[in-house]
Amino acid sequence: MKARSNFRRFSPALVIFMATLAILCGGCAEYSWLNPVLVWSEWPDDERYVVPFHQRLDEIRHVGDSVHRYSPQEQSDYSTQLTAVIRDNKNSIMRAEATRAIGHFPSSLASTGIGLAMADEDATVRIAATDACRWQADDASRQRLTAMLQDESIDVQLASIKQLGDFRHESTIAALGEFLDHTDPAVQVQAVNSLRTASGRDYGTNLSLWKGFVRGENPPIPPKGSFVSRATSFF
């Protein structure tokens with residue numbers, strides 16, 4: 001009679017579970033966002049418990065939406081925490097959400113965090129910085145958006161062009177006008193849309209008229225729907 005083996009076969013489900021557990025408990029940066037412990041240990045005083053990812057995102061959004069309810073000291077405390085997330089958190093989604101939230105705070109409290117987000121390696125965070133600048137709506141934010149027009153990411157450029165439309169300033173018109181000759185039609189369209197918002201003028205999709213306006217000319221506004229208003233070189 002053969003001796004009974006003490007080795008027991010592991011079921012496929014158990015093997016998968018053990019492998020997943022090893023990933024979650026490990027420190028591999030590529031999968032660190034899967035591990036709530038690794039993500040949340042960076043938030044002050046959070047070492048005692050684990051907060052689900054979506055719940056922390058909701059909390060960050062709530063902080064931004066409720067800033068007007070906070071005392072000056074609370075605003076200072078929350079902005080410090082948000083800045084720490086933008087600077088230190090390894091998850092780009094978390095950094096982006098913190099960036100949008102801090103954009104609702106007074107500029108003196110938000111400036112450092114927005115500056116960090118502008119220099120973030122992830123384009124998602126830099127796009128969030130354009131949202132924060134729109135909420136700030138001050139001259140410093142206009143200058144920051146103008147600087148981000150030169151970003152290496154076309155998506156960041158598009159976001160910056162879009163947000164600049166809310167800033168009525170001569171320099172805004174000139175900066176947006178640079179993109180009327182862009183090789184990407186999507187960029188040209190967004191530049192026209194933002195020029196329309198920033199200037200209050202409407203030359204339809206006629207790039208020639210828009211370029212004349214940017215140069216300082218005063219082309220007559222064609223009737224809506226006319227051929228002149230629709231003449232375009234987008235494609």
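All values below were derived from every heavy atom in this structure, side-chain atoms included, with hydrogens, water molecules and symmetry-related copies excluded.
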Main-chain N/O of D151 paired to Q157 side chain as donor or acceptor, under 3.5 Å
yes
**Request:** For the residue pair F213 and Y203, categorise the inter-ring angle as parallel (less than 30°), tilted (30 to 60°) or perpendicular (more than 60°).
**Result:** tilted
Taken to the nearest 0.5 Å, the spacing of R144 CZ from T130 OG1 works out to 12.5 Å
For R196 and D202, the nearest pair of non-hydrogen atoms, with its separation, is NE-OD1, 3.1 Å
query: In terms of the angle between their ring planes, are H182 and F179 parallel, tilted or perpendicular, with boundaries placed at 30° and 60°?
result: parallel
Do R126 and D120 sit within salt-bridge range, that is, some charged N less than 4.0 Å from a carboxylate O? no
Is S66 reaching over with its side chain to a backbone N or O of H62, donor-acceptor style, under 3.5 angstrom?
yes
Test side-chain hydrogen bond (donor to acceptor under 3.5 Å, both in side chains) on D77 and Q73; report intermediate values, then the result. CA-CA 6 Å; D77 291 341; Q73 184 59 54; 2.9 Å; yes
Between the CG atom in L195 and the OG1 atom in T172, the distance rounded to the nearest 0.5 Å is 9.5 Å
Scanning both residues in full, the closest heavy-atom pair of I114 with C133 reads CG2-SG, 4.1 Å
Is there a donor-acceptor contact under 3.5 Å from the side chain of S141 to the main chain of R134? no
Query raised in the report: Would you call R95 and D88 a salt bridge, using N to O less than 4.0 angstrom?
Result: no
Q: Verify side-chain hydrogen bond (donor to acceptor under 3.5 Å, both in side chains) between R56 and N91, making sure each step is shown before the conclusion.
A: CA-CA 12 Å; R56 179 59 79 191; N91 189 284; over 6 Å; no
One should read off an interatomic distance between D184 CG and L158 CG, to the nearest 0.5 angstrom, of 7.0 Å
Smallest heavy-atom separation, A175 atom then L149 atom, equals CB-CD1, 3.8 Å
